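In what follows, chains are A, B, ... by sequence order, proteins preceding strands, each numbered from 1. Nothing here was measured: the structure is a model prediction, and the numbers come from that model.
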Amino acid sequence: MTIRRLPEGTINRIAAGEVIERPASVVKELVENAIDAGARQIDISLVDGGRTLIRVRDNGKGMDATDLELAIERHATSKLPDDDLVNIQNLGFRGEALPSIGSVSRLRIVSRARGSNEANEIRIEGGRQQAVKPAAHGEGTDIEVRDLFFAVPARLKFLKTERAETAEAAAIVRRLAMAAPQIGFTLMSGERQLINLQANEVGDEGQRQRLSDIMGRDFIENSVQIDAGRDVFSLQGYASLPTLNRSQSTMQFLFVNGRAVKDRTLLGAVRGAYSDFLMRQRFPMVALFITCPPEFVDVNVHPAKAEVRFRNQAQVNSLIVGSIREAIGFAGHRTASTNAEATISAFQHQSGGHHRSHFAPTRPTTAEHGFREAAQSFAGFQAMSGDTSASEIPLNDDDADKPLGAARAQFHENYILAQTRNGIVIVDQHAAHERLVLEQLKASAQKTDISTQPLLVPEVVNLDAPSVERFADAAEQLASAGLVLEQFGPDAIIVREVPAVLAGAKIADLIKDLADDLETIGQGQSLNERFEHVLATMACHGSVRSGRRLKPQEMNALLRDMEATPFSGQCNHGRPTYVELSLADIERLFARR
Amino acid sequence: MRVTIERAQFLKSLNHVQSVVERRNTIPILSNVLLKAAAGEIQLTATDLDIEIVEGVPADISVEGATTIPAHLMHDIVRKLPDGSQLEIEQGPDEGRLAISAGRSRFSLQALPPDDFPNLSAGELSHKFIMSAGDLKTMIEKTRFAISTEETRYYLNGIYLHHIEIDGKPMLRAVATDGHRLAQVEVPCPDGAQGIPGIIVPRKTVLELTKLIEDQDGSIEIALSDSKIRFTFNDMVLTSKLIDGSFPDYERVIPTNNDKIMEVDRRLFAQAVDRVSTVSAEKGRAIKLNINPDKVILTVNNPDSGNAEEEVAASCDSEPLDVGFNAQYLLDIASQLDGDTAQFHMFDSGSPTIVRDPANSSVLYVLMPMRV
């Protein structure tokens with residue numbers, strides 16, 4: 001077969017294959033256009049998950065007749081005024097979206113340019129364009145996409161259920177809306193309204209409101225605000241306290257210059273920032289906005305622009321890791337208030353169950369057990385009150401003013417009950433002490449030099465060639481952490497020295513984990529994780545066990561230490577070390593409120 | 001099957017064989033011990049598919065036969081029976097049960113058919129020789145501590161045995177290393193062992209063998225091929241698979257040009273190491289040796305808890321040298337030497353150091369210094 005040039009229509013369909021994958025991608029492209037057009041209100045409606053109709057209306061600056069005709073040409077855009085791909089200010093710039101959509105659906109655009117008196121409309125069906133004709137419309141643009149993929153039946157077969165496609169489109173709208181708090185958004189699916197976001201004031205408060213609308217009030221209340229900068233990069237946003245975490249990474253939103261991205265490297269940096277606060281397979285919630293001059297970031301690496309490249313990736317990563325850690329450290333011992341909620345609901349739930357077991361005549365053993373337990377905890381209270389009446393610690397009002405209050409009792413030899421100005425605090429003594437010891441160990445480990453154990457028989461680890469290259473590049477950084485290695489042929493490295501604390505560990509496993517880290521986040525996170533694991537194990541053994549009776553002075557000292565130690569709100573595994581119940585919460589328990 | 005046996009003897013043998021039986025097994029019969037009653041003897045066999053121990057105990061056999069029963073359970077029962085009891089073991093017509101009675105106690109245990117019991121001893125072993133128990137113990141004791149426990153380099157998880165010639169004399173050499181230190185010992189090569197292939201005896205086998213030959217002082221019959229080894233002594237037979245891998249070329253890591261030699265009293269040195277390492281709470285902490293012509297100064301510096309320093313008289317033929325070692329490794333080696341003097345051969349503070357016993361040239365240790 002001879003080689004021939006493809007017709008324009010085919011070219012557009014191929015391009016559509018990259019950009020327009022499913023209804024959600026149409027929504028993304030159209031909403032981005034509307035945002036770029038300076039709209040204040042964007043209304044989206046879907047029918048059949050977008051298969052039958054996707055409609056996006058905005059009140060942006062609109063287009064006149066000439067623009068309208070050009071807009072549906074390929075590589076025609078208003079967004080690259082001086083053909084400068086380095087200095088990209090808008091969300092879009094490729095000039096591909098409209099022609100691609102037009103080539104696979106029935107597209108109708110009605111628009112009136114701002115300040116103009118007449119509106120125009122243009123239609124394009126499966127790539128066949130019709131002439132522009134006058135129409136009636138308010139200021140702004142209204143785009144209708146009907147029968148998506150009617151021209152590419154193959155793609156139609158790969159669509160998921162209506163529900164799944166709608167959910168995906170809604171997720172995209174939410175993501176875009178997070179970065180544009182000044183714009184109001186609505187999303188209708190058939191007759192149902194899925195999203196209704198009011199336009200907010202520009203600024204911090206508006207941003208807060210928008211994030212709280214989308215990620216939930218819990219998130220805003222249990223997160224720390226981040227506002228940091230380094231060189232040309234700056235980072236704003238919110239990151240959840242480690243005690244507020246999810247089993248999936250879906251609640252992690254990253255934006256680069258207002259563009260929502262799903263970049264593995266950046267997500268890796270977020271993981272790194274939380275590495276010693278969360279268990280594996282638990283994920284923090286974050287909404288982070290990175291801003292930098294456009295020339296420092298390349299957004300043109302992915303057709304849907306989900307990935308970006310920074311001119312200085314390592315700097316951005318360390319900005320993320322550093323500022324999240326600092327912010328969490330500043331929040332110190334705060335734990336999520338969701339814990340208090342959980343505690344209250346646990347109380348309420350259990351109180352019913354207890355009644356039943358106490359009075360159930362058929363299960364005397366359970367009731368007896370319950371009584372014995374109760375008797376034991378009373379014994380604890382008595383012992384304690386005996387101590388206080390002997391005035392070993394006169395109830396110290398100074399302590400009660402502190403955030404974690406004054407210790408009043410210990411029960412079940414593991415939990416400390418403390419009274420604060422406006423509530424009570426229950427502390428898990430083992431978890432809390434474990435964190436304190438770990439922070440101490442970490443502080444002293446940083447002070448000492450790392451000693452290394454050279455290997456008598458160096459270990460050869462086989463890897464794929466790209467990993468070997470990455471190790472060769474990172475050799476110096478790893479050597480400063482005590483891991484000395486060299487390239488050994490094209491697809492292996494030879495490890496000559498290991499950090500002394502890790503001397504007995506499985507070197508090959510460590511190297512393979514490091515290879516993954518180097519690939520995803522560009523630095524050897526695992527090495528630190530291993531160090532911290534060793535320290536964490538030592539901390540676990542070196543801390544006060546549950547079951548040990550503490551004297552009042554010891555309890556108060558523990559509370560004061562927790563207030564002074566960063567990250568003391570959660571133990572090494574991300575579990576909370578204490579819960580706080582305010583008086584209002586307690587009153588709710590007794591139905592006083 | 002019907003047998004009468006004396007408790008003490010039975011317990012001793014059960015004790016030997018049950019230690020190879022894993023606590024948790026996916027194949028039920030591996031939890032069992034095979035009992036074979038024939039010719040005035042009851043033979044116990046236990047295996048984990050890598051090691052097999054067979055031991056015979058004299059017994060009064062009325063009816064010959066074989067069966068298998070849970071090893072740990074049997075061991076616990078026999079252990080708890082009173083001293084001096086006579087056990088009666090009987091398998092009636094129901095093959096799934098084994099009745100045990102002693103005094104007024106009666107037990108009936110689940111049995112599995114003996115035909116399903118794996119047989120590890122099959123196959124010809126190409127080389128056979130006889131070795132004194134003392135030599136075998138020496139080889140194990142001097143090297144065992146250096147066996148690696150790290151599973152990725154599985155070929156280091158055992159003792160490497162092979163034949164060499166030193167000054168024209170045939171010797172049998174045992175080597176073990178964990179990548180940080182190396183232990184090597186030689187004994188005169190027994191007749192018939194000259195042609196043996198280099199073999200790696202797995203760690204678990206070494207541990208079991210140590211227990212079994214603890215109070216042996218006769219000679220031990222060893223038979224081996226390149227995949228199996230068998231030790232036979234008294235009424236016991238231990239058969240084990242060997243590690244299928246090649247031991248690294250260890251001779252390359254033994255330095256030959258270490259010209260700085262320090263001699264120190266072994267006991268004083270070991271005690272000093274033990275004392276100063278007290279302040280190093282965490283593992284992997286280094287002991288620094290400051291070596292002078294007439295003394296060595298040991299220091300440990302732990303910013304968390306404090307410092308320790310001790311001087312030990314020593315003689316060294318070179319200029320002063322500083323070198324750091326892992327405290328645990330130094331202790332291990334110091335406790336392995338049995339002469340009065342420990343001799344350190346060094347090159348510089350970053351190269352492997354040789355430790356020897358001047359009274360016993362057949363033992364050699366190599367230790368990698370730490371960078372501190």
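Within 6.0 Å of OH in Tyr250(B) there are more than 12 heavy atoms belonging to other residues, nucleotides or ligands. Taking a 6.0 Å sphere around CD of Glu165(B), one finds it holds more than 12 heavy atoms contributed by other residues, nucleotides or ligands. A 6.0 Å sphere centred on CG of Asp249(B) holds more than 12 heavy atoms belonging to other residues, nucleotides or ligands. In the displayed structure, Arg144(B) atom CZ is contacted under 6.0 Å by at most 12 heavy atoms of other residues, nucleotides or ligands. Open room surrounds CD on Glu151(B); 12 or fewer heavy atoms of other groups in view lie less than 6.0 Å from it.
Using a 4.5 Å heavy-atom cut-off against chain A, the contacting residues of residues 361-369 of chain B are Val366(B), Met368(B), Pro369(B). Listed by sequence position, Pro454(A), Leu455(A), Leu456(A), Val457(A), Pro458(A), Glu459(A) are the residues of residues 454-463 of chain A in contact with chain B, using a 4.5 angstrom heavy-atom cutoff.
Using a 4.5 Å heavy-atom threshold, the side chains of Phe325(B) and Gln453(A) count as separate.
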